[in-house]
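Encoded as structure tokens, the structure appears first; notes follow it.
Basis for what follows: all heavy atoms, side chains included, without hydrogens, waters or symmetry-related copies. Remember, it's 1-based here, ligands and their atoms both numbered in the order they're listed. Along the sequence shown, the residues carry numbers beginning at 1.
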Amino acid sequence: MGRIVVTGGAGFLGSHLCARLLDRGDQVVCLDNLITGSLSNIEHLFARPGFTFVELDVSTYVWVPGEVDAVMHFASPASPIDFERIPIQILKVGSLGTHNSLGLAKAKGARFFLASTSEVYGDPLVHPQPETYWGNVNPIGPRGVYDEAKRFAEAITMAYHRHHGLDVRIVRIFNTYGPQMRPDDGRSVSNFIVQALQGRPLTVYGDGSQTRSFCYVDDEVRGFLALLDSDLVGPTNIGNPNEFTILELAQAVLEVTGSASEIVFEPLPVDDPMQRKPDIARASEHLGWKPEVELHAGIEATASYFRQVLGL
Ligand code: UDP
């Protein structure tokens, strides 16, 4: 049991993480500027012992009074629609926000846990992607603001480890979905489910042959905690290796929701990765972690959340 700071704690992943930390008896200090996070994601946590929320932009400064055992840095807009809407904030939170969060961990003698991303692999030429792959990122494209911010975040995290002896963990998060995603977040899973529930056409970009590997949020967060408690310094992939084409995902959403919506095809965004699938050998060998929730069950749980928030 410890006292854990979660930056971005009101976001999709951060809010699930705060809840699981409280479940196991940790105290949680949740920091968020609510730019993409939402109080509705954490309102059920306010009554729980050991939970504190501070509205704060970690790109500006971070300070938390008292002892801190770990700083888990989850603050960042992460959806492709955010890459065009708020690119500078993404670059700032990945660079200045990571620097400030590292500074807090160093001052407190705390462990630092960085939420990184499969986007560091860019449009990967190696498939599936092991942690040893250096990636194929376009630094000046529209996705570069997120990809390069996270690559910088990894670099400065390892520099603090080597130069200051800071105890660090880095998770590379692959596509994750589940309750508390924003319905208007613009991603494939949220778009398709909301479109299906509202009887609107499902918008598949390109011909839908590009692939992703979707991890249900409960599996993903269980992986974060296993990594936090481990001695694995350096990046670790946490994601579900079951790979689907985006057209298959759209069809799965139609099956699960029973929707009669049609599928329409729209232009593929610039630099959209053609394939993505984690190699999870490191996580399975060293953490004994593997995902358990199958795609249809995860879509069902996510659809019931969206039905509730959209009043459908
Ligand atoms: N995508 C799609 N329709 C949508 C939203 C996304 O076909 O309404 C595609 C997108 O172009 C990409 C894939 O689905 O090829 C996964 O996109 P998502 O935004 O979920 O995640 P990311 O691109 O970050 O992996």
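- Taking distance alone, with nitrogen or oxygen atoms compared against 3.5 Å, R187 stays at or beyond that limit from ligand 1.
- Shortest contact from atom 1 (N) of ligand 1 to any protein heavy atom: Y205 CD1, 3.3 Å.
- When heavy-atom distances to ligand 1 are checked against a 4.0 Å cut-off, N175 comes that close only through its side chain, counted from C-beta outward.
- Residue-ligand proximity, F192 to ligand 1, at heavy-atom distances under 4.0 Å covers atoms 2 (C), 3 (N), 4 (C), 7 (O), 8 (O).
- A side chain to side chain donor-acceptor pair (under 3.5 Å) with T211 is found for exactly one of E243, Q275, H127, namely E243.
- At least one heavy atom of R143 sits closer than 4.0 Å to an atom of ligand 1.
- We find that E154 and R151 are not joined by a salt bridge, their nearest charged nitrogen and carboxylate oxygen being 4.0 Å or further apart.
- Of the heavy atoms in E266, none comes closer than 4.0 Å to ligand 1.
- Numbered from 1 in the order shown, with element, the atoms of ligand 1 that lie under 4.0 Å from a heavy atom of G186 read 5 (C).
- By the criterion of a heavy-atom distance under 4.0 Å, neither the backbone nor the side chain of S79 is placed next to ligand 1.
- F112 has its ring centre no less than 6.0 Å from the ring centre of Y160.
- Both the backbone and the side chain of S188 come within contact range of ligand 1, each with a heavy atom under 4.0 Å.
- Proximity of T203 to ligand 1, defined as any heavy-atom pair under 4.0 Å, is shared by backbone and side chain alike.
- The two residues A283 and N237 come nearest to each other via the heavy atoms CB-O, 3.6 Å.
- Note that CG of L17 and CZ of F12 are 12.0 Å apart. Values are rounded to the nearest 0.5 Å.
- Using a 30° and 60° split on the angle between ring planes, Y121 and Y133 fall in the parallel class, below 30°.
- Annotation for ligand 1: atoms under 4.0 Å from non-hydrogen atoms of P269 are 11 (O).
- The distance from ligand 1 to the heavy atoms of E119 drops below 4.0 Å at these ligand atoms: 24 (O).
- Looking only at distances, a side-chain donor or acceptor of T176 sits under 3.5 Å from a matching main-chain atom of F174.
- Close approach of ligand 1 to V204 (heavy-atom distance below 4.0 Å) involves ligand atoms 7 (O).
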Show which side-chain atoms of residues 46-53 pair as donor or acceptor with protein atoms under 3.5 Å away, not counting sequence neighbours.
{"from": "R48", "atom 1": "NH1", "to": "D23", "atom 2": "OD1", "distance (Å)": "3.2"}
{"from": "R48", "atom 1": "NH2", "to": "D23", "atom 2": "OD1", "distance (Å)": "2.7"}

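- Note on ring orientation: taking the six-membered ring where Trp is involved, the planes of Y177 and F214 are perpendicular (angle over 60°, cut-offs 30° and 60°).
- In this structure, R276 has a heavy atom closer than 4.0 Å to ligand 1.
- Of all protein heavy atoms, the one lying nearest to atom 10 (C) of ligand 1 is D272 OD2, 3.3 Å.
- Contact annotation for Q210 and ligand 1: only side-chain heavy atoms (C-beta onward) come within less than 4.0 Å of the ligand.
- Atom 13 (C) of ligand 1 has I246 CD1, 3.5 Å as its closest protein atom, hydrogens excluded (heavy atom only).
- Residue-ligand proximity, N191 to ligand 1, at heavy-atom distances under 4.0 Å covers atoms 4 (C), 5 (C), 8 (O).
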